[in-house]
Amino acid sequence: MQFPDNLQRKLNLRTEQGIYRALKTTQGQIDFCSNDYLGLARSAALQRLVTQETEQFSDYLLGATGSRLLSGNHPVYELLEAQLAAFHQAEAALLFNSGYVANLGLFSAVPQRSDTIFYDEASHASIKEGIRLSLAKAFSFKHNCLDDLARKFKRATGHVYVAVESVYSMDGDQAPLTALAAFCQRQGAYLIVDEAHSNGLFGEKGEGLVVEKNLKEQVFARVMTFGKAIGSHGAAVVGSDSLKNYLINFSRPFIYTTALPLHNILAIKSAYSFLPSLQAERKHLKMLAQYFNQSLEAITGRPGLPESGPINSIFANSVAQLKKMSELLQKNNLDVRPVFSPTVPVGKERLRVIIHAYNTQEQVDLLLQQVQTTIS
Ligand SMILES: Cc1ncc(COP(=O)(O)O)c(C=O)c1O
């Protein structure tokens, strides 16, 4: 059967533009690429705990066997949701099968036809997809720009939702959460914060940036994902009991899918039991991130991040130069991946660098050395 010619043309265009995506396996290089910020995905102690927990179940099943609303609601799901709500200092938490699905499930179900959503233009694809599925009106505002949000706010009708990320997945900068929360409170708007890249890392025990900034009462919903610092898979929407009950009734990505397997639930549960004790890891990661941010600024002359975190970017003059840099780094055993459009806007292609708790100062120095060589 012939592949449709219109699709083939789109693929060819990607190749011509140098932005063709192809899968690549990880090769055991120095990790400046994965989202395993705290090293929990590779923690032998955590793996042992998950195995022990798994062995305690006489009714252990490999698969959930159904949606949570039918056969798929093992009591451990409810225990985990109670644990998540307590940890993140909220009334309730509802599990979703991934962060992507949580954003689809939240944004498609909550804002209604006569309502309005304002979202940061740098929001993750899953937030944008969820908004596309919603019947509400939606407007983007300039990245981290409260003035632009305030200007656009004149178009608001009905209930108003404002969607941001606490730490942005590509740029690595933070949303001005305190100012946003105050703005939303003044306007009577509902603030939604995706904490995919702050969960586990910010706050005394890793509760996230909303808790660290003491804003939990002013935030309507938080999305906590488990594929990054938690080292596992899945997500939860954290908020009020009413929000949870509403989503159970109306969120189609929650209702019409098989629940996560028990093993996955036990992995999340066990990882959360580790989080409070990972203070040294969080501190080391932040120290390294700050060191990298400042050193990169000195090398490139480009302003670094105002508040450094686990995500940073190295820019180049062209996509071709970016590719060359990335190949050179890979050859030197450094796993740093380029990110092209449409994942980031045209002109904002970059090497995305992720700093982990298990990276060492020597590894970061090696990376900086190589960056300096390729840039000069
Ligand atoms: C901000 C943000 N939200 C949601 C997601 C999706 O999370 P998951 O990987 O669990 O689907 C990501 C993942 O890349 C993300 O960066």
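The basis for the numbers below is simple: all heavy atoms, side chains too, and nothing from hydrogens, waters or symmetry mates. First listed ligand is number 1; within each ligand, the first listed atom is number 1.
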Every residue of the protein that comes under 4.0 Å of ligand 1, judged on heavy atoms: Ser98, Gly99, Tyr100, Asn103, His124, Ser126, Glu165, Ser169, Asp194, Ala196, His197, Thr225, Lys228
Tyr161/Phe118 aromatic ring centres below 6.0 Å: no
Ring center gap for Phe107 and Tyr119 short of 6.0 angstrom: no
Residue pairs fulfilling side chain to side chain donor-acceptor pair (under 3.5 Å) with at least one residue in residues 274-287, sequence neighbours excluded: Glu204-Gln279
Leu305: hydrophobic cluster co-members (side-chain, 4.5 Å): none
Remaining members of the apolar cluster that contains Leu104, side-chain heavy atoms under 4.5 Å: Tyr100, Leu133
Candidate pair Arg68 and Glu81, rule salt bridge (charged side-chain N to carboxylate O under 4.0 Å, His left out), full reasoning: CA-CA 13 Å; Arg68 292 278 302 281; Glu81 285 175 341; 2.9 Å; yes
